[in-house]
**Q** 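First the structure, then my questions, so here it is.
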Amino acid sequence: MDKDFRDSDLFKEFMDNVGEYIYILNNNLLQLESGKGDHHELLNEMFRAAHSIKGMSGMVGINQIMELSHKIENILDYLRQEKISVSNEIIEILFDSFDNLGMCLECLASDNEAAMNIAGITGRIDKVLRKIDAKSFKDKSKYIPVFIDETIEGITEITESLLKLEKNPDQPDIVNHMFRLIHRIKSSSAALGFFDMGEIAHNIENILDDARNRRIIISADVINCIFFATDRVLEMIKSVESNKEAEFDIKDVLSRLKTCMVHGGETEPAGPEEKKDPGKENEGEKTVSPADTAAVKVSTLSTLRVDIGKLDELMNLAGEMVVAKARLLQIATELKKDKDREEKTILIGDLNTTAEQINKISLGIQKGVMQTRMVPIGGMFKRFGRVVRDIASLKSKKVKLEITGEDTELDRKVIDELIDPLTHIVRNAVDHGIEAGEERIKNNKTEEGNLRLNAYHEANSVCIEVVDDGRGLDFDKIKKKAVSRGLVTEEEARTLSREETSEFIFAPGFSTAEEVTEVSGRGVGMDIVKEKLKQLNGNIAVDLKVKEGSRFVLRVPLTLAIISAILFKIEDEIFAVPIDNVSEIIQFDPENLKMTDFCRSMTHRDKVLPIIYLHETLGTNSVPVMGENCKIMILRDQGKYIGLVVDVLMGREEITIKSLADNYKHISGIMGGAILGDGKVCFIIDTAELFSLAKRKSYSR
């Protein structure tokens with residue numbers, strides 16, 4: 001402790017006041033134990049005393065006393081609220097706590113701060129608080145999903161605010177907004193019994209309170225300190241989400257936050273900062289990269305905020321459905337009675353009208369339910385601000401993130417599934433794609449690199465672009481790597497087009513990185529991206545027309561549940577293909593077919609169009625009958641076209657996708673199934689995989 005402070009009147013006043021408050025605590029607890037005095041008033045006075053000790057010790061920077069008094073305050077608050085009773089166990093632990101406070105004062109008086117040891121008593125208090133929490137947790141468990149979602153959203157907003165403050169610290173409105181967010185997290189954490197989380201939030205709140213009252217400035221150290229703490233909160237949230245009762249040691253976080261509050265953040269970072277050599281990692285040891293930050297730590301959110309107007313519309317439709325159902329039942333009852341032909345004709349007409357009305361209502365309900373699942377994609381995009389910031393800082397680069405199309409809406413489940421693939425692409429763009437400042441200047445670019453995330457609707461899909469102005473794909477290097485891995489021969493590599501060469505980056509384990517870093521270079525990532533997009537019934541393409549940098553386009557369906565499809569028959573089997581993948585449908589004419597060494601084809605619109613049969617490509621039992629109604633359905637995927645021979649077109653229909661994975665292993669070329677109105681099952685064609693299989697079959701001929 002500073003000698004000047006020890007000799008000051010403030011220190012003497014602090015010692016006297018804390019001593020007096022400890023006397024009040026002991027005296028009131030004795031009265032509570034003996035049953036004397038006003039029970040409620042005694043507890044209130046004790047709570048005020050503990051709160052005062054906490055405030056004064058925090059003000060003068062004596063953290064051990066502040067921490068212990070805060071935990072005493074928590075127990076007293078539970079007693080005041082009658083969540084626990086004044087039992088022998090509680091009385092014993094409180095007396096021991098007061099003794100420890102007195103011991104801390106003695107250490108301060110003898111200038112021996114190092115002897116202050118509160119670990120034992122705080123550990124005992126924590127066990128008591130956890131017991132209290134366990135008793136009340138069942139009643140509060142229904143609030144956990146909402147708590148998880150609101151906390152994640154709050155941390156995301158805080159992250160976005162911190163990134164703004166890094167560029168311009170003098171923004172009091174943003175600091176006030178962050179203060180309100182963390183205060184809400186603190187309150188809800190305490191209410192649900194997550195005291196460690198609440199303790200971290202409380203200390204962040206103290207820092208922000210000092211910042212908004214100009215007691216400290218928002219420096220880089222302060223921002224890093226809050227980032228460090230919010231990351232720990234997200235780790236705890238992940239534990240809550242997975243229903244694991246993990247033990248968290250938060251001493252390092254609290255120590256760093258308290259030091260930051262006292263010294264304005266001018267301190268060396270706490271926690272493990274030592275960089276490891278990625279090539280010498282122990283097996284099973286997981287390293288944490290900057291991509292594992294606020295953007296991606298927690299998997300999915302379990303609740304949705306829905307506009308009240310959307311719910312009102314669904315309620316109206318539900319009311320109309322009840323009326324239509326009643327009318328349908330009435331018509332069915334009348335038809336059972338003896339009626340003459342004319343009366344039955346009228347009833348059948350009413351039946352058809354009611355059926356049409358129910359169909360219209362059901363479509364409205366289907367659309368309404370889909371709308372309730374739609375959320376703006378901007379919330380996910382903003383999370384990547386932290387990823388870009390951390391990786392750019394690690395690689396000593398300057399990178400500006402631009403976000404457009406953030407109001408584009410997408411199914412909430414699809415958004416959750418997109419976080420991992422987008423993280424891989426963003427991470428690669430900042431680590432490998434965008435050059436360091438010196439290299440950019442040599443190439444007549446600005447020192448600061450640019451990364452843009454954009455989203456827009458296209459038919460029944462959403463396209464997401466990740467665009468950077470970096471060095472772009474090095475096709476020569478990709479070819480050399482492909483040759484060295486035995487994917488192609490040198491002779492084949494020389495004949496590869498840019499499009500064919502770009503496909504290698506999606507091969508498992510493929511990487512052209514010259515070194516393995518904490519961020520990337522191990523050859524995992526882009527293959528995972530492609531696989532995840534495939535699971536979402538989407539795809540990813542590299543734009544080869546970009547003159548500078550890279551542009552990846554991810555295309556995903558608006559929803560995973562319902563798609564608009566074209567139904568068709570091959571022999572007696574019914575199949576469906578997403579309407580977005582259908583370019584056009586033409587009449588089949590066998591005379592136009594040409595057979596080459598590799599495949600069947602025909603000339604269409606002055607271009608050669610490969611023609612396939614489903615039974616040959618997928619190995620189905622359905623062979624086209626080749627009747628007069630036979631058609632060729634021209635399918636498209638990433639700028640490529642093939643013609644599929646079908647017997648009969650059954651028209652367009654909205655179908656609900658059902659996964660086959662629960663009962664069957666993966667079927668090549670099939671993304672799922674659907675139950676039709678007559679109870680029959682149709683298989684839904686995976687267009688991307690169909691193209692891949694068709695290409696393989698043609699080369700194997």
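Quick note: numbers below take in every heavy atom, side chains included, and nothing from hydrogens, waters or symmetry partners.
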**Q** Out of curiosity, Asn450 CG to Lys400 NZ, how far, rounded to the nearest 0.5 Å?
**A** 6.5 Å
**Q** Just checking, is any N or O donor in the side chain of His457 or Glu409 under 3.5 Å from an acceptor N or O on the other one?
**A** no
**Q** Which pairs would a plain distance check flag for residues 354-365, meaning a side-chain donor or acceptor within less than 3.5 Å of a matching protein atom at least two apart in sequence or in another chain?
**A**
unit_1, atom_1, unit_2, atom_2, d
Thr354, OG1, Asp350, O, 2.8
Ser362, OG, Ile358, O, 3.2
Ser362, OG, Asn359, O, 2.8

**Q** Taking atom CG as the centre, does Asp572 end up with more than 12 heavy-atom neighbours from other residues, nucleotides or ligands that are less than 6.0 angstrom away?
**A** no
**Q** Of all the heavy-atom pairs spanning Met633 and Ile566, show the shortest one and how long it is.
**A** CE-CG2, 3.6 Å
**Q** Between Arg427 and His424, do the side chains contain an N or O donor and an N or O acceptor separated by less than 3.5 Å?
**A** yes
**Q** Taking the six-membered ring of Phe47 (Phe, Tyr or Trp), confirm whether the NZ or CZ of Arg80 is under 6.0 Å from its centre and within 45° of its axis.
**A** yes
**Q** Would you compute the distance between atom NE2 of His183 and atom OG of Ser188 and round it to the nearest 0.5 angstrom?
**A** 10.0 Å
**Q** Search all heavy atoms of Lys530 against all heavy atoms of Phe506 and return the closest pair with its distance.
**A** CD-CB, 3.7 Å
**Q** Over 60° means perpendicular and under 30° means parallel, so classify the ring planes of Phe575 and Phe568, tilted if in between.
**A** parallel
**Q** Donor-acceptor pair, Asn203 side chain versus Glu199 backbone, under 3.5 Å?
**A** yes
**Q** Taking Asp231 first and then Arg386, would you say they form a salt bridge - that is, a charged N and a carboxylate O separated by under 4.0 Å?
**A** yes
**Q** With heavy-atom distances below 4.5 Å as the criterion, would you say the side chains of Ile464 and Asn454 are in contact?
**A** no
**Q** Give me the atom names and distance for the closest heavy-atom approach of Leu635 to Leu690.
**A** CD1-CD2, 3.7 Å
**Q** Any side-chain donor paired with an acceptor under 3.5 Å for Thr159 and Arg383?
**A** no
**Q** May I ask you to say whether Asp209 pairs ionically with Arg212, meaning some side-chain N is under 4.0 Å from a carboxylate O?
**A** yes
**Q** Quick one: do Arg373 and Asp411 make a salt bridge, cutoff under 4.0 Å?
**A** yes
**Q** Side chains of Gln81 and Asp77: do they bring a donor and an acceptor to under 3.5 Å?
**A** yes
**Q** For the CG atom of Leu676 and the CD atom of Glu653, what is their distance to the nearest 0.5 Å?
**A** 5.5 Å
**Q** For Ile684, which of Val577, Ile655, Leu567 qualifies under side chain to side chain contact (heavy atoms under 4.5 Å, CB included)?
**A** Ile655
**Q** Could you tell me if the side chain of Ile670 sits less than 4.5 Å from the side chain of Glu689, heavy atoms only?
**A** no
